[in-house]
Amino acid sequence: MAFPEGFIQELKMRNDITDVISSYVTLKKRGRNMVGLCPFHGEKTPSFNIYTETDSFYCFGCGASGDVISFIMKINNLDYVEAVRYLAQRAGMDMPEDGYDDSISKLRKRVYEANREAARFYYKTLVSEKGRAGLDYFHSRMLTDSTIRRFGLGFADDNWSSLCEHLKSKGFKESELTAANLAVRRRSGKGIYDRFTNRVMFPIIDLRGNVIAFGGRIMTDEKPKYLNTSDTPVFKKSENLFSLNNAKNSGSRTLILCEGYMDVIAVNQAGFQNAVATLGTALTTEQAVLMKRYADEVIICYDADEAGQKATARAIPLLRGAGLNIRVLSIPNGKDPDEFIKSKGEDGPAAFKAIIESSGNDVEYRLQKLKNQYNTETSEGRVGYLNAAANLISTISGDIERDVYTSLVCNEFGVDKDAFRRQVNSGIRRKNRDYQKKEIRKIQSDLGGRGDKFNTEHYKKPRSSSAEEALIIYLIKNPDSAEYISERLTPENFQNSLMRRYYEYFSARIKSGYEPLNNITADFTEDEKNQIFKMLHEHGAISETKLALDEYIGVIVEESEKPQSGDYANMSTDDMLERLNKIRKNKQ
């Protein structure tokens with residue numbers, strides 16, 4: 001175990017799960033439990049539950065689950081030891097001096113330290129003679145020295161070993177530098193070389209002030225234009241945003257979503273600290289959910305070119321799905337934010353503020369895009385546009401918002417509102433039918449076990465697996481039944497290997513006098529832990545009577561005594577008759 005049982009038990013007692021989570025999620029009481037909007041996926045109807053009985057949380061929408069330790073791990077991107085340390089500090093507890101494995105935590109710490117030292121090295125290079133080309137580039141983009149310092153911008157020179165040699169002189173190992181993706185191992189396997197060369201450098205900083213990654217831009221026409229840190233022990237591109245560490249302190253609940261690093265920095269220099277950008281990838285669901293934690297509204301400020309417009313179209317449903325209000329910025333003359341601000345000289349900040357204030361929301365933007373596709377001067381074009389507009393408005397979930405845009409379109413084209421509303425309602429019914437079909441298929445898949453990608457053995461043997469799952473739930477909720485169960489079952493009776501492992505684990509813990517779920521986050525993988533809480537909270541309404549327990553045991557024993565598919569070929573007639581008679585006897 002990672003930590004002594006007593007320490008973890010006290011840690012959880014002094015960090016009440018409801019108190020901890022309420023600092024991240026707005027919660028409301030529902031019966032004995034607490035509910036709120038899940039911080040790990042976008043939703044408008046609360047599906048995130050805290051179960052005070054088991055000191056655990058579970059989201060019926062995305063399946064995120066665990067105890068207070070796993071919540072802190074997930075919400076703050078910490079490993080297990082770091083999360084325990086965080087909660088210990090919160091409760092004023094001292095960490096145990098030894099007895100736990102912190103090798104992953106130590107590696108993450110070294111990666112953070114290597115990144116911080118690399119950022120310092122890149123900045124020093126930038127302001128030295130070696131970095132003249134990089135500094136000239138930033139100055140040509142109208143960045144001030146103050147902005148360059150504030151963002152910690154730097155330069156990687158054209159020597160393929162500069163950074164590696166510097167970091168090794170500071171005591172970093174080659175394995176640590178490759179883990180941080182600051183270096184790449186040579187094909188021969190002997191030695192390493194710098195990942196970034198001859199590029200201006202943009203450090204990526206997390207919400208706690210750690211340098212977690214870098215983006216590097218080449219200053220010529222070579223490809224790739226941008227090179228970014230790959231995923232490391234401290235960084236996932238899909239779950240972070242550039243300059244969110246600045247934006248969260250802006251005092252605004254609005255974020256300006258830009259396309260790249262330079263746009264964010266230019267907008268920031270113009271006085272708008274609430275700008276962020278994705279990290280070399282299209283916007284992800286995780287990034288949209290992350291923005292929702294710090295904003296109620298997002299202004300999409302992508303380039304006006306075709307790629308930027310496609311990116312805007314992809315981003316809108318993700319941001320709406322996260323529960324964010326959306327506006328879309330239309331920059332005149334097809335410029336990007338950086339170009340537009342620079343083109344206005346001293347008036348750049350005021351001009352940019354003016355187009356922000358005049359920007360429309362995402363529905364208005366999409367209606368205008370549709371209108372541009374049709375010649376509404378002709379009857380055929382008007383019909384085409386109105387049908388497309390009705391289909392778009394049918395995707396809006398709020399009745400009032402839907403009615404507002406219905407009125408707007410009808411008034412503009414002199415169309416009968418009832419006729420247009422019927423077209424909208426037809427689209428709603430069609431979408432509802434499609435949704436219901438998907439839900440039915442999902443329910444059928446879940447009931448048959450086909451939808452469970454982790455517990456795949458359930459589908460192969462649903463009867464025994466269902467009984468085994470029910471017994472595991474019973475055992476966790478009724479630890480005093482462990483001896484009764486062990487007298488009637490052995491691990492070998494379990495047909496599902498995952499359930500067998502759970503049974504052995506929880507039986508051993510209860511026999512040792514430990515709480516069943518106390519150390520679950522340390523002892524299981526993320527998938528294994530989630531499966532346990534899925535069983536507890538999605539299928540937890542099992543009968544907990546003695547009669548029900550005997551039924552679970554009976555099914556497990558009966559199923560375990562059935563010959564496996566390969567057994568019949570090697571079984572004699574007498575053996576087969578004996579096995580069948582035994583099965584019949586058990587059924588009586």
**Prompt:** Do the side chains of Leu87 and Ile72 get nearer than 4.5 Å, heavy atoms only?
**Reply:** yes

**Prompt:** Is the backbone of Thr254 close enough, under 3.5 Å, to the side chain of Asn274 for a donor and an acceptor to pair up by distance?
**Reply:** yes

In residues 28-42, what donor-acceptor pairs under 3.5 Å come from side-chain atoms, sequence neighbours left out?
residue: Lys29; atom: NZ; partner: Gly31; partner atom: O; Å: 3.4
residue: His41; atom: NE2; partner: Glu43; partner atom: OE1; Å: 3.2

**Prompt:** Should the ring pair Tyr502 and Phe506 be called parallel, tilted or perpendicular, given that the plane angle runs from 0 to 90° and is split at 30 and 60?
**Reply:** tilted

**Item:** Any side-chain heavy-atom pair of Phe235 and Asn228 under 4.5 Å
**Value:** no

**Request:** Output yes when Arg110 and Glu113 qualify as a salt bridge under the 4.0 Å nitrogen-oxygen rule, no when they do not.
**Result:** yes

**Request:** Decide, yes or no, whether a salt bridge links Glu401 with Arg320 under the criterion of side-chain N to carboxylate O below 4.0 Å.
**Result:** yes

**Item:** Under 3.5 Å donor-acceptor, Ser512 side chain and Tyr514 backbone
**Value:** no

**Prompt:** Charged N to carboxylate O under 4.0 angstrom, Glu297 versus Arg327?
**Reply:** yes

**Message:** Tell me if a side-chain donor or acceptor on Asp206 pairs with a main-chain N or O of Asn210 at a distance below 3.5 Å.
**Reply:** yes

**Item:** Exceeds 12 heavy-atom contacts within 6.0 angstrom, atom CG of Asp94
**Value:** no

**Item:** Euclidean distance, Ile316 CD1 relative to Leu283 CG, rounded to 0.5 Å
**Value:** 11.0 Å

**Message:** Check this for me, if you would: do Lys12 and Asp67 make a salt bridge, where the nitrogen-to-carboxylate-oxygen distance has to be below 4.0 angstrom?
**Reply:** yes

**Asked** When you check the gap from the basic side-chain N to the acidic O, do Arg108 and Asp79 get nearer than 4.0 Å?
**Response** yes

**Request:** Flag yes if more than 12 heavy atoms outside Glu483 fall under 6.0 Å of its CD atom; otherwise flag no.
**Result:** no

**Prompt:** Please, which pairs that meet side chain to side chain donor-acceptor pair (under 3.5 Å) have at least one residue in residues 240-250, sequence neighbours excluded?
**Reply:** Ser243-Asn246

**Prompt:** Would you call Glu457 and Lys461 a salt bridge, taking side-chain N to carboxylate O under 4.0 Å as the test?
**Reply:** no

**Prompt:** So with a 6.0 Å cut-off around NZ of Lys511, is the heavy-atom count from everything else above 12?
**Reply:** no

**Request:** Assign the ring pair Phe242 / Phe202 to parallel, tilted or perpendicular, where the plane angle (0 to 90°) is split at 30° and 60°.
**Result:** perpendicular

**Request:** Could you tell me whether the side chain of Thr178 and the main chain of Asn181 form a donor-acceptor pair under 3.5 Å?
**Result:** no

**Message:** Determine whether a donor-acceptor pair (N or O, by modelled atom type, separation under 3.5 Å) exists between the side chain of Arg195 and the backbone of Ala183.
**Reply:** no

**Item:** Side-chain donor-acceptor contact under 3.5 Å, Arg208 with Tyr112
**Value:** yes

**Item:** Donor-acceptor under 3.5 Å (Thr229 side chain, Phe214 main chain)
**Value:** yes

**Prompt:** Quick one: does NZ or CZ of Arg488 land under 6.0 Å from the six-membered ring centre of Tyr484, within 45 degrees of the ring axis?
**Reply:** yes

**Distance-only donor-acceptor check, side chains Ser465 and Asn496, under 3.5 Å** = yes

**Message:** Given 3.5 Å as the limit, does a donor-acceptor pair link the side chain of Asn478 with the main chain of Ser481, or not?
**Reply:** no

**Prompt:** Are the side chain of Ser507 and the backbone N or O of Glu504 linked by a donor-acceptor pair below 3.5 Å?
**Reply:** no

**Asked** Are any of the side-chain nitrogens in Glu5 or Arg509 under 4.0 Å away from the carboxylate oxygens of its partner?
**Response** yes

**Request:** Just say parallel, tilted or perpendicular for the rings of Tyr58 and His537, cut-offs at 30° and 60°.
**Result:** tilted

**Prompt:** With a 4.0 Å cut-off, would you call Arg463 and Glu558 a salt bridge?
**Reply:** yes

**Asked** Taking Gln89 for the side chain and Tyr86 for the main chain, is one N or O donor matched with an acceptor at less than 3.5 Å?
**Response** no

**Residues, nucleotides or ligands: over 12 heavy atoms within 6.0 Å of Glu53 CD** = no

